[in-house]
Each structure stands twice: as C-alpha cells, then as structure tokens.
Participant: 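Here it is, the structure, as structure tokens.
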Amino acid sequence: QMQLVESGGGLVQAGGSLRLSCAASGITFRSVAMGWFRQAPGKEREFVAGISALVISTFYTDSVKGRFTISRDNAKNTVYLQMNGLKPEDTAVYYCAAWSDRSFQSGSPRYWGQGTQVTVSS
C-alpha cells in the first residue's frame with residue numbers, strides 16, 4: 001500500500017522559509033515522478049512543483065519560480081520542497097503527490113498525501 005506522509009508545514013512570517021518533506025513507502029520511489037500541489041480556501045488545487053524519476057526535468061508554476069526548489073533523495077524515499085521568500089498568497093494546504101510513471105507529464109498523480117498547512121502572515 002502506497003503511503004505519502006508530509007511534514008514541515010507551519011506558520012511563518014512573510015519573507016521567511018520553510019522546507020516541506022514527504023516520505024514515501026509502498027512504491028519503488030526512484031521509478032516515479034513526485035510533486036507538490038497546494039489548495040487555498042475557495043480555490044482549486046494547483047500544481048506547484050514536480051520532479052521526474054531520474055531528475056531529468058522539473059516543473060514550477062510561475063508564481064513560485066526563483067523562490068521554491070523541489071528535490072528528491074532516492075536513498076531516503078523522500079521528496080522536499082524548499083520554500084524561500086514566502087508570501088501571504090502562498091498560504092494553503094500543501095499536498096505531496098506521486099505518479100505511477102517516471103514523468104509528471106503522464107497525467108494526474110495516482111497517490112496523494114494527507115496535506116500539511118502552510119500559513120504565511122503579513
């Protein structure tokens with residue numbers, strides 16, 4: 001059974017940093033693409049960042065480019081999202097996601113974590 005467990009969310013002031021972690025189990029982690037989504041109240045879930053299985057490609061939504069960095073440690077079955085220069089508009093529940101393919105361009109993720117709250121105060 002695939003499990004994704006996020007950690008690292010919290011409350012931070014604008015301009016601050018947080019690092020989200022997502023520990024995966026039950027899959028061949030190194031063979032699948034991973035990513036982070038977020039959902040703010042009243043808004044649709046948004047694809048924030050993705051990383052392919054072999055780290056050949058990454059994706060960032062425009063609003064986080066230059067501020068967020070996605071990375072993965074295949075030895076630890078963990079994907080990270082380093083978030084710097086946080087803004088109040090980054091406030092959302094952040095979800096870890098795993099595809100069943102090497103690429104995040106292969107459709108929707110197959111597996112989801114439970115989410116972790118990130119709140120950025122102004």
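For the numbers below, each heavy atom of this structure counts, side chains included, while hydrogens, waters and symmetry mates do not.
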Participant: Would a hydrophobic clustering, with Ile, Leu, Val, Met, Phe, Trp and Tyr connected at side-chain separations under 4.5 Å, put Val12 with Val64?
Facilitator: yes

Participant: Can you confirm whether or not the ring centre of Trp99 sits under 6.0 Å from the ring centre of Phe47?
Facilitator: yes

Participant: Check this for me: does any side-chain nitrogen of one of Asp90 and Lys87 sit under 4.0 Å from a carboxylate oxygen of the other?
Facilitator: no

Participant: Find the distance between NZ (Lys76) and CZ (Phe29) and round it off to the nearest 0.5 Å.
Facilitator: 12.0 Å

Participant: To the nearest 0.5 Å, how far apart are CZ in Arg102 and CD1 in Ile56?
Facilitator: 8.0 Å

Participant: State, to 0.1 Å, how close Ser122 and Ala14 come at their nearest heavy-atom pair, and which atoms those are.
Facilitator: CA-CB, 4.3 Å

Participant: Which value, rounded to the nearest 0.5 Å, describes the distance between Ser100 atom OG and Met2 atom CE?
Facilitator: 10.5 Å

Participant: If the test is salt bridge (charged side-chain N to carboxylate O under 4.0 Å, His left out), which one of Glu46, Glu6, Glu89 qualifies with Arg38?
Facilitator: Glu46

Participant: Going by the angle between their ring planes, with limits at 30° and 60°, are Tyr94 and Phe68 parallel, tilted or perpendicular?
Facilitator: tilted

Participant: Are the side chains of Cys96 and Trp36 in contact, using a 4.5 Å heavy-atom criterion?
Facilitator: yes

Participant: Hey, quick one: are Tyr60 and Met34 part of the same hydrophobic cluster, counting side-chain heavy atoms closer than 4.5 Å, chains of contacts allowed?
Facilitator: yes

Participant: Within 45° of the ring axis of Tyr80 and under 6.0 Å from its six-membered ring centre, is that where the NZ or CZ of Arg72 lies?
Facilitator: no

Participant: Treat each ILVMFWY residue as a node, draw an edge where side-chain heavy atoms are under 4.5 Å apart, and state whether Leu20 and Tyr111 are in one component.
Facilitator: yes

Participant: Starting from the C-alpha separation in whole Å, work towards a yes-or-no answer on side chain to side chain contact (heavy atoms under 4.5 Å, CB included) for Asp101 and Val32.
Facilitator: CA-CA 5 Å; Asp101 190 84; Val32 300; over 6 Å; no

Participant: Check whether the side chains of Glu44 and Gln39 place a donor and an acceptor atom closer than 3.5 Å, and report yes or no.
Facilitator: no

Participant: Starting at CG of Leu81, measure out to CG of Leu18 and round the result to the nearest 0.5 Å.
Facilitator: 9.5 Å

Participant: Could you tell me whether the side chains of Asp73 and Thr78 share a donor-acceptor contact shorter than 3.5 Å?
Facilitator: no

Participant: So, for Ala98 and Ile27, which heavy atoms are closest and what is the spacing to 0.1 Å?
Facilitator: CB-CD1, 4.5 Å

Participant: Between the main-chain N or O of Ser57 and the side-chain N or O of Ser52, is there a donor-acceptor pair closer than 3.5 Å?
Facilitator: yes

Participant: According to a hydrophobic-cluster definition based on side-chain heavy atoms being under 4.5 Å apart (Ile, Leu, Val, Met, Phe, Trp, Tyr only), do Ile70 and Phe37 belong together?
Facilitator: no

Participant: If you draw a 6.0 Å radius around CZ in Arg30, do more than 12 non-hydrogen atoms from other residues or ligands fall strictly inside?
Facilitator: no

Participant: Rounded to the nearest 0.5 Å, how far does CG of Leu86 lie from OG of Ser121?
Facilitator: 10.0 Å

Participant: Would a single hydrophobic cluster contain both Leu4 and Val48, if residues Ile, Leu, Val, Met, Phe, Trp and Tyr are joined by side-chain heavy-atom contacts under 4.5 Å?
Facilitator: yes

Participant: Can you tell me how far apart OG (Ser17) and CE (Met83) are? Round to the nearest 0.5 Å.
Facilitator: 8.5 Å

